[in-house]
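Everything numeric here is computed off the predicted structure, so don't read it as measured data.
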Amino acid sequence: MATIVNTAQVFENATATTPLETAEATFTTFDINDLVMTKTVDRPGEIYYTGQPITFTITITNNGTETLTGLRFTDAIDPSVVPSSGTDYTVNASSGTVTSATSNVIVDGIEVLPSGSVTITISGIIA
């Protein structure tokens, strides 16, 4: 995160060098390097066979000093993985609300504290 101060000034005329009034606006910008995301499978390096369960674990980490709020996570699940039953995958998120658990998993409203992380798991079956 970076804090930016933007200063505005008003002068008596075009040749004046001393401002009559000054105002500042301070805001913080997000540094994309503060956000890290990883995705793993439950049995890395193994071969998965038709009918076997699979679980993906996604970790979203905030390496910055400010809380990140309102984030949206999406994951377009490959058709080789299907829900265990019905049309929805089993999705759990340690922050946010699962708004779609179909082939395009969506978690909205994620909050990640400074130096913290959020975990999302998605489970299905190999087709």
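Here Asp78 contributes atom CG and Ser103 contributes atom OG; the two are 10.5 Å apart, rounded to the nearest 0.5 Å. Distance check: Ser80 OG to Ile54 CD1 gives 7.5 Å after rounding to the nearest 0.5 Å. The CD atom of Gln52 sits 10.0 Å away from atom CD1 of Ile47, with the distance rounded to the nearest 0.5 Å. To the nearest 0.5 Å, atoms CG (Leu68) and CD (Glu111) are separated by 9.0 Å. Rounding to the nearest 0.5 Å gives a distance of 12.5 Å between CD1 of Ile106 and OG1 of Thr97. If you take OG1 on Thr22 and CD on Gln9, they are separated by 4.5 Å, rounding to the nearest 0.5 Å.
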task: Test side-chain contact (heavy atoms from CB on, under 4.5 Å) on Phe27 and Val5 and set out the steps.
output: CA-CA 7 Å; Phe27 59 96; Val5 178; over 6 Å; no
field: Verdict with reasoning, Thr57 to Asp42, per side-chain contact (heavy atoms from CB on, under 4.5 Å)
entry: CA-CA 7 Å; Thr57 300; Asp42 56 340; over 6 Å; no
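Its side chain within the 4.5 Å cluster rule, Val82 clusters with Ile125 among the Ile, Leu, Val, Met, Phe, Trp and Tyr residues.
For the pair Asn62 and Leu113, the minimum side-chain heavy-atom distance is 4.5 Å or more. Side-chain contact between Thr26 and Ile4: absent, with no pair of heavy atoms (C-beta onward) separated by less than 4.5 Å. Looking only at side-chain heavy atoms (C-beta outward), Asp88 and Thr102 come within less than 4.5 Å of each other. Taking 4.5 Å as the limit, some side-chain heavy atom of Thr59 sits within range of a side-chain heavy atom of Thr61. A heavy-atom distance below 4.5 Å is found between the side chains of Ile120 and Ile110. Within the 4.5 Å cutoff, the side chain of Thr55 has no heavy atoms near those of the Ile122 side chain.
Evaluation of the side-chain hydrogen bond (donor to acceptor under 3.5 Å, both in side chains) rule for Glu24 yields no partner, not counting sequence neighbours.
In this model, a donor atom of one side chain and an acceptor atom of the other lie less than 3.5 Å apart for Thr99 and Asp108. At a cut-off of 3.5 Å, with distance as the only test, no side-chain donor of Thr69 or Thr67 sits close to an acceptor on the other residue.
Annotation for Val36 and Asn33: closest pair CG2-O, 4.5 Å, computed over non-hydrogen atoms. Heavy-atom minimum distance, Ala127 versus Pro79: CB-O, 4.0 Å. Across all non-hydrogen atoms, the minimal contact from Ser95 to Val118 is CB-CG2, 3.7 Å. Considering all non-hydrogen atoms of both residues, Phe56 and Lys39 come closest at CD2-CE, 3.6 Å. Tyr89 and Ile77 make their closest contact through OH-CG2, 3.4 Å (heavy atoms, listed as atom of the first residue, atom of the second, distance).
Val81 and Phe73 fall within the same hydrophobic cluster, defined by Ile, Leu, Val, Met, Phe, Trp and Tyr side-chain heavy atoms under 4.5 Å apart, directly or through other members. Linking ILVMFWY residues whenever their side-chain heavy atoms come closer than 4.5 Å, directly or via other members, places Ile32 and Ile58 in the same cluster.
Atom CD of Glu46 has more than 12 neighbouring heavy atoms from other residues, nucleotides or ligands inside a 6.0 Å radius.
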